[in-house]
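The block underneath contains the structure these notes are about, expressed in structure tokens.
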Amino acid sequence: MSLRRIAPLLALAPALSVLLASPAALADDPPATPAPSSTEPKPEVAEPKKPDLIPASKEPEKEPEAKADPKAAGAKPAEAKGDVQSDEWWTHTRPIVEIHGFFRTRGEVFHNFSLGRVDPPTTNNRLFPRPIGDSYVQQPGGNTVATYGCGPTDNPGAGAANQVNAPTLTPCSDKTHASANLRFRIDPEIHISDNVRILSQIDLLDNVVLGSTPDGYSNKIDKEGNHVYVGRGGYIPLLAFSSSQVPPTAGVNSWTNSIAVKRAWAEVLLPNIGQIRFGRMPNQWGLGILANSGDTIDSDYQSTADRIMFATGIRSLDLYFAGAWDFPNSGKTSQTLFDQQGQPYNVSQLANTNQWMLSVFRRLKPEQLRARLAKGDTVVQGGIFAVYRQQLFSTESSEAMGLSTATDTTYQSKLVRLGAKAFIGSGWFQVRTRRLRWETELVYIYGSIENPRGVENGTYTREDYKIRQFGGASELEYKALNDDLTLRFHTGLATGDQGVETLAPGNSGLQPRVTDDKTISTFRFHPDYRIDLILFRNILSRVQGAYYFKPGVQYDFARSPDGERFGGRADIIYSRASKFVQTPGHKEDLGVELDFSLYYQSRDGSLNDDPSKIGGFYAMLQYGVLFPLGGLGYMQSPGFVAPEISSAQIVRLYLGVVY
């Protein structure tokens with residue numbers, strides 16, 4: 001059979017395939033609620049026109065049939081009616097996929113992060129745990145905590161109290177934590193057309209500690225939901241015989257799985273109207289002390305919002321407006337372990353945490369900003385970010401996940417009135433010139449909670465706690481010497497709480513108050529807004545109830561136009577507590593920290609076309625030392641000889657590839 005005869009059948013193939021498709025394939029579910037890449041939407045400018053690569057459903061235009069003249073010499077027979085060339089079907093825009101992300105490996109050594117303190121694990125003054133192999137005497141109390149067997153001995157045991165030859169045991173001394181971890185991040189972007197795209201974020205082996213999943217080690221979950229050690233097989237009777245690593249599996253050999261899908265959202269541009277974003281998306285505002293997307297190559301924390309957002313603006317003024325409906329907490333759902341398919345639903349609207357966001361800001365596109373700065377202009381950007389959230393009932397005292405196998409009345413009895421509401425307002429302001437950047441963000445939280453403590457045990461007692469928190473950060477940077485030298489001064493403030501005797505949040509819910517004042521006023525920066533290497537990054541895990549001053553300098557020893565550079569950085573951070581009663585030593589001075597970095601960036605990859613981005617191979621070596629002051633020490637009291645606190649040090653090695 002000739003190709004010309006089967007051409008009409010080939011033309012019908014697409015239509016037949018549609019008719020034969022299953023209903024499930026045709027009825028696409030609506031996309032899950034992802035989160036926008038930021039509360040600062042990108043300007044409504046269509047992307048460069050991409051080539052049309054995908055087939056169209058319209059029929060190709062037919063040219064008039066030529067009347068063949070049988071007498072004409074060399075006349076060709078007319079084409080058979082219905083002949084279609086294969087390339088005529090391909091007129092739709094084919095989705096274009098872009099892949100970005102990074103791979104990183106980080107090695108870290110923490111030395112004496114306990115600062116020489118020997119606190120019991122349950123005390124509020126405990127700042128950072130000592131290595132479990134260390135031996136020390138707790139203060140106060142005088143209890144001995146020891147690990148024996150590090151020296152020459154015939155009888156190494158777990159303790160010396162009931163050993164016959166206890167004097168021969170040698171206690172261990174260890175002040176250092178050391179480990180390495182890795183992350184492989186993939187950020188796929190599917191561009192359906194110039195105006196529609198789907199974005200996502202997927203992490204593989206997310207912060208997996210190297211060596212933490214050896215073969216031969218596993219747990220199982222018993223009927224009460226506890227993790228129980230399985231035991232060992234004959235080929236790996238001891239962990240010392242492990243010869244390979246296996247993938248992390250939650251509940252078996254890790255708390256997390258090998259793959260974590262963290263975000264997925266869609267962005268639809270409506271020409272001359274605005275942009276719609278919906279899904280699970282990053283949430284970023286200003287400097288990031290309140291909402292921080294945590295997308296840098298050295299990030300560990302991030303703000304992710306389940307959100308439906310609409311943004312529009314006045315392009316001539318670079319002024320934009322955004323409004324969003326967020327879903328911070330939906331409470332329990334109908335999904336169970338017995339039926340994990342289908343469409344689960346929220347079982348109680350009363351237990352939802354509802355949130356609405358409104359933002360107004362002026363922000364230039366990156367290319368416009370670079371052009372304005374290159375001409376010597378001064379650019380002013382900024383805006384306001386307002387959030388209102390409320391939750392009427394709470395389910396903290398009930399079972400996790402969804403409804404239990406008991407009756408609904410069991411669940412209803414655990415539904416307790418919380419009566420929480422808060423207004424969160426933030427202002428962001430930035431001034432840029434070719435050499436100078438001054439940027440500031442201020443945040444104020446005003447709210448109330450009727451029953452903050454009773455929800456944990458399922459009771460209601462109206463206490464009417466108030467929330468009054470304030471935080472702010474400012475960054476000033478100046479470039480000189482052909483932009484090789486950067487001088488910077490950063491500062492920030494987070495309000496403290498006169499009624500709480502610790503900066504550490506603890507693990508038992510609402511912090512106990514030592515005064516009759518029921519105002520919660522400790523403000524905490526987002527943990528991915530990084531200030532230093534030791535105190536705020538690791539010991540306290542974030543800026544909270546404190547203020548700091550941070551002068552610094554950075555210099556590129558070598559830099560090429562195609563992105564390759566080698567440089568160094570040095571910073572000094574002086575920190576103090578906002579309320580002295582929250583420090584272990586009841587003094588405001590927390591410490592002075594010195595941080596140093598050397599970095600190298602290769603010129604591989606297209607990202608280096610933008611000097612503000614990191615692309616290709618990136619390496620960084622860092623060293624920091626913290627000199628603790630009175631606020632991190634012990635309180636002096638009659639008859640108590642406080643141990644001396646000592647400095648902490650850190651060494652970090654970062655190796656990564658950004659694409």
Side-chain angles (χ1 to χ4, degrees), residues 35-42 282-296 299 301-305 309 311 318-322 324 326 355 357-364 366 369 378-389 422-433 436-447 467-478 486 488-496 521-532 536-537 540-552 571 573 575-576 578 612:
S37 47
S38 124
T39 53
E40 303 164 5
K42 297 178 181 176
N283 186 17
Q284 172 73 35
W285 172 255
L287 288 172
I289 68 172
L290 175 66
N292 194 315
S293 62
D295 289 327
T296 69
S299 291
Y301 301 89
Q302 55 185 204
S303 296
T304 297
M309 185 176 81
D318 295 305
L319 184 65
Y320 300 95
F321 310 89
D326 294 349
Q355 179 169 294
M357 183 275 294
L358 178 65
S359 178
V360 180
F361 57 93
R362 181 180 189 267
R363 188 179 184 93
L364 274 65
L369 179 61
T378 298
V379 178
V380 178
Q381 303 182 111
I384 58 173
F385 175 82
V387 172
Y388 177 74
R389 64 161 50 195
F423 171 80
I424 306 170
S426 176
W428 166 64
F429 181 74
Q430 183 192 76
V431 177
R432 294 281 301 270
T433 67
L436 182 140
R437 178 181 69 90
W438 176 44
E439 193 165 355
T440 298
E441 181 182 353
L442 302 176
V443 180
Y444 185 69
I445 303 177
Y446 179 92
I467 302 174
R468 305 289 187 270
Q469 300 173 357
F470 173 79
S474 184
E475 299 181 357
L476 177 64
E477 297 185 356
Y478 180 79
T486 302
R488 58 171 55 90
F489 180 78
H490 295 183
T491 185
L493 165 70
T495 54
S521 56
T522 298
F523 183 84
R524 297 181 171 95
F525 281 24
H526 191 282
D528 215 65
Y529 185 76
R530 298 286 172 64
I531 301 301
D532 54 19
F536 291 124
R537 177 172 178 143
L540 296 178
S541 79
R542 67 204 71 198
V543 177
Q544 52 187 348
Y547 58 98
Y548 63 89
F549 305 96
K550 177 186 176 183
D571 297 288
I573 305 97
S575 54
R576 308 189 80 211
S578 299
S612 65

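Residue numbers start at 1 and run along the sequence shown.
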So, for [X] and [Y], which heavy atoms are closest and what is the spacing to 0.1 Å?
X: Ala494; Y: Ser578; result: O-OG, 2.7 Å
X: Phe489; Y: Thr491; result: CE2-CB, 4.1 Å
X: Trp428; Y: Arg363; result: CH2-NH1, 3.2 Å
X: Gly545; Y: Thr522; result: N-CG2, 4.0 Å
X: Ile289; Y: Ala473; result: CG2-CB, 3.8 Å
X: Asp528; Y: Ser299; result: OD2-OG, 2.6 Å

With rounding to the nearest 0.5 Å, note down the distance linking [atom1] in [X] to [atom2] in [Y].
X: Leu358; Y: Phe385; atom1: CG; atom2: CZ; answer: 10.0 Å
X: Arg524; Y: Leu540; atom1: CZ; atom2: CG; answer: 10.0 Å
X: Gln302; Y: Thr296; atom1: CD; atom2: OG1; answer: 10.5 Å
X: Phe549; Y: Leu493; atom1: CZ; atom2: CG; answer: 9.0 Å
X: Arg468; Y: Ile445; atom1: CZ; atom2: CD1; answer: 11.5 Å
X: Gln430; Y: Leu287; atom1: CD; atom2: CG; answer: 8.5 Å

Is there a donor-acceptor pair under 3.5 Å between the side chain of [X] and the backbone N or O of [Y]?
X: Gln381; Y: Leu364; result: yes
X: Gln284; Y: Gly286; result: yes
X: Ser303; Y: Asn292; result: yes

Check whether any side-chain heavy atom of [X] lies under 4.5 Å from a side-chain heavy atom of [Y], and answer yes or no.
X: Arg389; Y: Asp326; result: no
X: Trp285; Y: Met357; result: no
X: His490; Y: Ile531; result: no
X: Phe423; Y: Tyr444; result: no

Check Glu475 with Arg437, please: is the shortest side-chain N to carboxylate O separation under 4.0 Å? yes

Does a salt bridge link Arg530 with Asp532, judged by any charged N lying under 4.0 Å from a carboxylate O? no

For Tyr529, enumerate each residue passing the ring pair (Phe, Tyr, Trp, His ring centres under 6.0 Å) test, keeping only those at least two apart in sequence or located in another chain. Phe525

Only counting residues at least two apart or in another chain, list the ones meeting side-chain contact (heavy atoms from CB on, under 4.5 Å) with Leu436. Thr433, Trp438, Leu476, Tyr478

Kindly write out the residues that satisfy side-chain contact (heavy atoms from CB on, under 4.5 Å) with Thr495, not counting sequence neighbours, or none if the list is empty. Gln469, Phe470, Phe523

Neighbour count above 12 (heavy atom, 6.0 Å) for Tyr446 OH: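 It does not: Tyr446 OH has 12 such atoms or fewer within range.
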
